[in-house]
Amino acid sequence: MARKKRLLWQLYPPYLVITVVAMVVVTWYASRSLRHFFLDQTAGDLKARAHLLESQIQDHLDPIDEKELDAFCKSVGKRASSRVTIVLPSGKVVGDSEQDPSTMDSHLDRPEVMQALRGGSGVSIRYSRTLSKAMMYAGIPFKKHDQVAAVIRVSIPVDDIDAVIRNIQLRIAMGGLIIAVFAALISLLVSRQLTLPIEHIRRWAESITRGEFQFRPPVSGSEEITALSDAMNQMAVELRKRIDTIMRQRNEIEAVFSSMVEGVIAVDTEERIISLNNAAAEMFGCHLSEVQGRSIQEVVRNTVLQRFLRETLTSRKTVEKDIVLSSHGERVLNLHGNVLCDAEGSRIGAVVVLNDITRIHKLENIRREFVANVSHEIKTPITAIRGFVETLRNGAMRNPDDARRFLAIIEKHVERLQAIIEDLLSLSRIEQESEKGGIPLFKSNLRDVLKTAIQVCDLKATAKKIGIELTCEEDILVKIDPPLLEQAVVNLLDNAVKNSEAERKIRVEVARKDGEIIISVRDQGRGIAKEHLPRLFERFYRVDRSRNRQQGGTGLGLAIVKHIIQAHGGHLTVESEPGKGSTFTIHLPRT
């Protein structure tokens, strides 16, 4: 594509060409007109000179005195700087200021002589063979008794006329050149004056495209340029208002999208991503800058989601579905899809809102498992109690030994039911108090609380010849609920005693680290397999169900510990390896 010329170079060269052509034409016409005028003036002057000679040659023509006429011609020609020739009607030259008449040819064929003999005056310009130069001739008839008696011809060299004319033409040309230069400068100034405001407006328009609305050039010029500048200014003002409105609305929409917990994704009819927010990018494990314009199949490898999008694009109503994403950890998403239309109502794509219901799904599973576990844990002792009651009723009461044995078993199951109910009530109470605003905490000496907890478990530990060692500084103060924290430590120690072999040791250690108070309960028991650790603190979760029931556990002890520590603003971790024991660690915020 050819490079476009600037407006200045589109205006100025034509102005310059028109000026130069006009000056050349005017100079040529003026020169030609001046030459014709000058020749006409010269011819008239020659005729006037010839008429002045009429009275002076009259006496020499009647009778004709050729010698006197020739002498007169030579005398007058020298004084007048002109060639004077007298020709008779026969064509014979009887006098000439430059040559000897006797040597000259007949002049009857000369145009000026021929015209003079016919009674008029004649003028001609031609080359003179006699003088070997171009001459202008003017001839007039000399009449006597209404008859042409002779022709008086006066001539001068044309070279002299041409020299004068060339001098005048040179002056005209110089004047024309000076005028052309001035005209060219004026044309340049006029062109610049026309294009400069347009150049300012162009730069202004470029600044507007860059978002610089403050700059406005001082445009002055014609009414049209001023009107264009005012229109541009009004356009810039309106454009700035609209851009500000669009940017404000865009920022508001982006702020809403960014702060939404729900993921939002919009695709076109070809299933290419138009837009998505941070929540959706996090759900899909991608970056916002990398997915714009890409196909949804490239971003998310999930056939259920792709089918859902196709169904949304073809449907005329809201589509809802739950899907599972497992590319970055298992996520359960609830999708609501609807058709995306433009201002004219044409279908341009689809918009999908994604709700992450993974936690709700897990809680629902936990709730179902909890109900099943509670039902199972309660059903077992109730079934046993009912069976032994029926046995007693059917005659076992008559045998004192059997009756006492069955009542002892019933009592054991009742105690187990009571323990389960008490643990459930305790767990419920801790959760309710945490939700209502937190458990009241008091600054207490941690060592005293731990010593009390060890004393509670000392009887069971001594029975299995298990020693409990405490490592804790005397001056450690923390904000706690002493009875609750004691209960949590007792539960951990109780589990450690139950799962440890005889003549082993349990260590309770306290340390300060990274703004936390860390309480570790370390045993040398059987340990726990790695696959059980993530669910270890769930309610009624048992690593070995039959063994735990035999030891009298309710399956709620670790769940209670977890909720107690959370109520204190801390958290609970566990490390374990089969055959090497377990370490339960309580992390409390430092006072």
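- Annotation for V339 and T312: closest pair CG2-O, 3.5 Å, computed over non-hydrogen atoms.
- Counting non-hydrogen atoms of neighbouring residues, nucleotides and ligands closer than 6.0 angstrom, the CD atom of E575 reaches no more than 12 such neighbours.
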Given salt bridge (charged side-chain N to carboxylate O under 4.0 Å, His left out), test R240 with D244 step by step and report yes or no. CA-CA 6 Å; R240 177 61 183 270; D244 288 345; 3.1 Å; yes

Walk me through whether Q297 and E271 qualify under side chain to side chain donor-acceptor pair (under 3.5 Å). CA-CA 8 Å; Q297 289 85 356; E271 297 182 20; 2.6 Å; yes

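- Between V561 and L572 there is a side-chain heavy-atom pair separated by less than 4.5 Å.
- A salt bridge does not link E501 to K464: none of the charged side-chain nitrogens sits closer than 4.0 Å to a carboxylate oxygen.
- Nearest heavy-atom pair across S582 and G527 is OG-CA, 3.7 Å.
- Of the possible donor and acceptor atoms, none in the side chain of D268 sits under 3.5 Å from a partner among the backbone N and O of G349.
- Side chain of D458 to backbone of I454: no donor-acceptor contact under 3.5 angstrom is found.
- Atom CD1 of I466 is separated from atom CZ of R504 by 9.0 Å, given to the nearest 0.5 angstrom.
- One distance of note links CG of L354 with CG of N334; it measures 9.0 Å at 0.5 Å rounding.
- With hydrogens and angles ignored, the 3.5 Å screen pairs no side-chain donor or acceptor of T358 with any backbone N or O of R331.
- R447 places a side-chain N or O within donor-acceptor distance of the main-chain N or O of C472, the cut-off being under 3.5 Å.
- Side-chain atoms of T314 come within 3.5 Å of backbone N or O of E311 as a donor-acceptor pair.
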Derivation and outcome, side chain to side chain donor-acceptor pair (under 3.5 Å), residues S500 and D523: CA-CA 7 Å; S500 296; D523 63 49; 4.6 Å; no

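- Under the 3.5 Å distance criterion, with hydrogens and angles disregarded, no donor-acceptor pair is assigned to the side chains of T318 and H336.
- Shown here for A279 and M260, the closest heavy-atom pair between the two residues is CB-O, 3.6 Å.
- Within 6.0 Å of CZ on R386 lie no more than 12 heavy atoms contributed by other residues, nucleotides or ligands.
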